[in-house]
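These notes are about the structure you will find just below.
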There are 2 protein chains.
Amino acid sequence: MTYHSPDLDSLFQALSDPTRRAILTRLAKGPAPVSALAEPFEMALPSFMGHLKRLEDGGLIETTKSGRVRTCAMRPGALEPARSWIDEQRAIWESRLDRLDDYVTKLMKERADETRSKD
Amino acid sequence: MTYHSPDLDSLFQALSDPTRRAILTRLAKGPAPVSALAEPFEMALPSFMGHLKRLEDGGLIETTKSGRVRTCAMRPGALEPARSWIDEQRAIWESRLDRLDDYVTKLMKERADETRSKD
DNA sequence: TGAATGGTAAGTCATATGGCTAAGTATTCA
DNA sequence: TGAATACTTAGCCATATGACTTACCATTCA
């Protein structure tokens with residue numbers, strides 16, 4: 001069993017920063033050129049571009065350049081692997097709770113039988 | 001509008017490493033002491049403890065020490081903020097698609113009217 | 001009590017991250 | 001063509017991350 005998945009690494013990594021999450025939320029509303037995107041952030045442009053790169057590395061956005069303008073767009077479905085992973089964990093957790101529940105039920109039944117046999 | 005949420009920062013950060021995700025998957029099946037948890041990983045114990053700390057910082061696990069053994073357990077519901085954030089993005093994205101759809105529909109209607117008036 | 005067990009603490013190291021400035025390139029507009 | 005625009009590149013800096021070793025408690029078991 002391999003526990004290495006570079007996709008999830010860079011995906012979650014990209015999501016771990018407030019600036020980058022804000023960029024994504026903005027892009028969920030529609031594509032935008034770099035300078036428009038950058039405007040609300042008090043940050044030098046090269047720093048901001050670094051964040052865009054991380055988002056691109058994480059597969060969360062796509063950018064295309066036409067003329068001197070680079071337009072950024074969210075990649076639909078890019079968040080799905082993250083969502084799936086989280087759901088899997090929950091599934092594991094819940095199947096465990098189910099088994100635990102079965103076990104407790106069984107224990108209680110045995111106890112009941114035991115008690116009854118004492119009567 | 002504030003775009004800073006330290007919870008999501010450390011949560012996603014915690015999830016961005018394969019070792020830590022593997023630990024979580026293991027813990028979803030039930031609690032375990034540090035040494036048992038660490039056993040499958042080819043890593044010095046102090047390094048491993050570092051990962052546990054990141055998971056604890058991200059609110060994903062809880063640990064308790066009794067005697068010389070520290071037991072780690074998953075914190076149920078800890079993944080929910082991450083899941084919610086992802087779902088919100090999707091909601092924004094989809095409402096945008098809806099509006100886009102309305103727009104296209106309107107455009108096509110106008111075009112149809114235009115064409116008709118030419119006849 | 002003395003040794004083995006299970007973690008902790010302290011300190012080092014290399015690389016990554018996140019920010020900056022200053023200077024450069026490529027388009028577009030006047 | 002010359003100036004403004006929209007990035008891009010290069011390089012610097014401080015801190016964080018992820019791994020290591022060595023040494024140090026505290027418990028438990030023989």
Side-chain angles (χ1 to χ4, degrees), chain A residues 2-27 30-73, chain B residues 2-27 30-73:
Chain A
T2 173
Y3 46 83
H4 188 71
S5 19
D7 296 332
L8 285 178
D9 285 9
S10 47
L11 212 176
F12 281 127
Q13 176 75 27
L15 296 180
S16 72
D17 178 277
T19 299
R20 291 193 292 264
R21 286 197 305 278
I23 295 173
L24 268 190
T25 300
R26 166 64 191 77
L27 287 180
V34 169
S35 46
L37 263 187
E39 194 271 323
F41 299 93
E42 294 186 350
M43 193 181 290
L45 197 57
S47 314
F48 187 78
M49 297 293 292
H51 286 297
L52 291 181
K53 185 177 184 322
R54 307 306 239 58
L55 286 169
E56 214 168 356
D57 289 348
L60 286 159
I61 68 170
E62 265 171 1
T63 76
T64 48
K65 192 160 185 178
S66 98
R68 61 186 168 177
V69 175
R70 177 171 296 279
T71 301
C72 305
Chain B
T2 173
Y3 46 83
H4 188 70
S5 20
D7 296 331
L8 285 178
D9 286 9
S10 47
L11 211 175
F12 282 127
Q13 176 75 27
L15 296 180
S16 71
D17 178 276
T19 299
R20 291 194 291 265
R21 286 197 305 278
I23 295 174
L24 268 191
T25 300
R26 165 64 191 79
L27 287 180
V34 169
S35 46
L37 264 186
E39 194 273 324
F41 299 92
E42 295 188 349
M43 191 181 291
L45 197 55
S47 315
F48 187 78
M49 297 294 291
H51 286 297
L52 290 182
K53 184 177 185 321
R54 307 305 239 59
L55 286 170
E56 213 168 357
D57 290 349
L60 286 160
I61 68 169
E62 266 171 359
T63 76
T64 48
K65 192 161 185 179
S66 97
R68 62 185 167 176
V69 176
R70 177 172 296 277
T71 300
C72 304

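Note on naming: letters A, B, ... go to the chains in the order of the sequence lines (proteins, then strands), and numbering restarts at 1 for each one. Scope of the values below: all heavy atoms of this structure, side chains included, with no hydrogens, waters or symmetry mates.
- A 4.5 Å side-chain heavy-atom check between B:Leu52 and B:Leu37 finds at least one atom pair inside the cut-off.
- Place A:His51 and B:Ser35 on DNA chain C by their nearest nucleotides, and B:Ser35 ends up nearer the 5' end.
- In this structure, of C:dA22, C:dT8, C:dT17, it is C:dT17 that holds the atom nearest to the side chain of A:Gln13.
- Ion pairing between a basic and an acidic side chain is recognised when a charged N comes within 4.0 Å of a carboxylate O; A:Asp17 and A:Arg21 show no such pairing.
- In this structure, B:Phe12 places its CZ atom 17 Å from P of C:dT17, rounding to the nearest Å.
- DNA chain D is contacted by both B:Arg54 and B:Ala44; B:Arg54 maps to the nucleotide lying nearer its 5′ end (nearest heavy atom per residue).
- Nucleotide D:dA3 holds its C1' atom 11 Å from the CZ atom of A:Arg68, rounded to whole Å.
- Of the possible donor and acceptor atoms, one in the side chain of B:Arg20 sits under 3.5 Å from a partner among the backbone N and O of B:Ala14.
- Taking atom CZ on B:Arg70 and atom P on D:dT27, their separation rounds to 12 Å, with Å as the unit.
- For the pair A:Phe41 CZ and C:dC20 P, the interatomic distance rounds to 13 Å; values are reported in whole Å.
- Among the nucleotides C:dG7, D:dC7, C:dT21, the one closest to the side chain of B:Val34 is C:dG7.
- One atom, CD of A:Glu42, and another, P of C:dG18, lie 19 Å apart when rounded to the nearest Å.
- For the pair B:Ser47 and D:dC20, the criterion of a side-chain N or O lying under 4.0 Å from OP1 or OP2 is met.
- The separation between A:Met49 atom CE and D:dT5 atom P is 18 Å, rounded to whole Å.
- To the nearest angstrom, C1' of D:dT5 lies 12 Å from CG of A:Leu45.
- Between atom CG of residue A:Leu60 and atom CD1 of residue A:Ile23 there is a gap of 10.5 Å, rounded to the nearest 0.5 Å.
- Listed candidates were C:dA10, D:dA19, C:dG7. Nearest to the side chain of B:Met43 is D:dA19.
- Here the CD1-NE2 distance, from B:Ile61 to B:His51, works out to 12.0 Å after rounding to the nearest 0.5 Å.
- Residue A:Ser16 is the one, among A:Ser66 and A:Ser16, whose nearest nucleotide of DNA chain C lies closer to the 5' end (criterion: closest heavy atom).
- Using a 4.0 Å heavy-atom distance criterion, A:Gly67 is classed as a sugar-phosphate-only contact.
- The separation between B:Lys53 atom NZ and D:dA16 atom C1' is 12 Å, rounded to whole Å.
- Of the candidates D:dT9, C:dG18, D:dT21, C:dG18 carries the atom nearest the A:Arg20 side chain, counting heavy atoms from C-beta on.
- For the pair A:Lys65 and D:dT8, the criterion of a side-chain N or O lying under 4.0 Å from OP1 or OP2 is met.
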